[in-house]
Amino acid sequence: MRKRVIAGNWKMNKTLSEANDFIEQAAEKAPQSDKSEAVVCAPFPFLPSLVEKTKGTEIKIGAQNMHFEDKGAFTGEVSPVMLKDLGVSHVVLGHSERREHFGETDETVNKKVHAAFTHQLTPIVCVGETLEQREADETKNHVEKQVNKALEGLSDQQVAQTIIAYEPIWAIGTGKTASSEDANEVCSHIRNVVGNITSQEVADQVVIQYGGSVKPGNIDELLSQSDIDGALVGGASVEAESYLQLVEAGTK
Ligand SMILES: O=C(CO)COP(=O)(O)O
């Protein structure tokens, strides 16, 4: 039985005091569950405080990116060693916004996934198609290529521990959600792709999230699908009340 993972991605939002207020509320109220895990992926400056405030609670803290090298002359970058040392558990890799605005490629995503495992961080690898690709019926091919490249060279055990987030780019921040059936069809394809590079047993263990305009009003429907094991949520994860509703949905 796969555990669900409900992860908030705050993107570039909040001040430190807002982040602290959120986490105090969320950590106090987050339900204990064997079925689901709750993660908050926050901007780098907030991570030490958020990790400290969530110790012994149900919430885990993730970063939104990292470099693949341990250290060195990479001005402005943050390494996996630094994240691990802070007590961060998850890291979002290859988000479409990083691919679009910051030159992230399938190759750098693959290097970062390897680096995450070297430092015992759980990668949340984002894949997804543009509207043009969807309209040209290229969704499955595109996502398949992204998944194959991201997972290249990993052991079966590492693949089994990777979280894959299917985020159609046209559904991010637009209020347009993929229908739960369409989202499930792609998530199921991703599971088959993982099965082809590893085994059915490994594919059955991989957590596959959907992301793109997920809200308290549509998460139940999405989670009811066979191959959707959680959500990666932007806008609706920024306020504690809404985030807690999403986390609660994961436990049902
Ligand atoms: O990009 C996303 C999460 O990583 C999705 O963002 P929204 O939930 O705001 O559409």
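Only this structure's heavy atoms are used, side chains among them; waters, hydrogens and symmetry mates stay out. Treat the numbers as computed from the prediction; the structure is a model and nothing was measured. Order of appearance sets the numbers: ligands from 1, and atoms from 1 within every ligand.
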### Task
Indicate, as side chain, backbone, both or neither, the part of A171 found under 4.0 angstrom from ligand 1 when only non-hydrogen atoms are considered.
backbone

### Query
Which atoms from ligand 1 have a heavy atom of E167 less than 4.0 Å away?
1 (O), 2 (C), 3 (C), 4 (O), 5 (C)

### Query
What protein heavy atom sits nearest atom 8 (O) of ligand 1, and how far away is it?
G234 N, 2.9 Å

### Query
Hey, does the side chain of R4 reach the backbone of K252 with a donor-acceptor pair shorter than 3.5 angstrom?
yes

### Message
For E241, I'd like to know if atom CD has over 12 heavy atoms of other residues, nucleotides or ligands within 6.0 Å.
### Response
no

#### Entry: Enumerated ligand 1 atoms positioned under 4.0 Å from heavy atoms of S213
7 (P), 8 (O), 10 (O)

### Query
Does any N or O in the side chain of Q205 come within less than 3.5 Å of the main-chain N or O of E201, such that one atom is a donor and the other an acceptor?
yes

### Task
Using side-chain hydrogen bond (donor to acceptor under 3.5 Å, both in side chains) as the criterion, point out the one residue from K3, R191, Q209 that pairs with D229.
R191

### Task
Give a yes or no answer on whether the side chain of N148 reaches the backbone of E144 with a donor-acceptor pair at less than 3.5 Å.
yes

### Query
Which residue owns the protein heavy atom closest to atom 9 (O) of ligand 1, what's the atom, and how far is it?
G235 N, 2.8 Å

### Query
What atoms of ligand 1 come closer than 4.0 angstrom to any heavy atom of G173?
7 (P), 9 (O), 10 (O)

### Query
Is it true that G211 lies under 4.0 Å from ligand 1, counting heavy atoms only?
no

### Query
Can W170 and E132 be counted as having a side-chain donor-acceptor contact under 3.5 angstrom?
no

### Message
Any nitrogen or oxygen of E97, side chain or backbone, less than 3.5 Å from one on ligand 1?
### Response
no

### Query
Would you call A236 a ligand 1 contact, heavy-atom distance under 4.0 Å?
no

### Task
From the options I228, I6, T177, select the one residue that forms a side-chain contact (heavy atoms from CB on, under 4.5 Å) with I219.
I6

### Message
Using heavy atoms and a 4.0 Å limit, tell me yes or no: is K11 in contact with ligand 1?
### Response
yes

### Task
Would you kindly say whether T108 and E104 are connected by a side-chain donor-acceptor distance under 3.5 Å?
yes

### Task
Tell me which part of N9 gets within contact of ligand 1: side chain, backbone, both or neither, using heavy atoms under 4.0 Å.
side chain

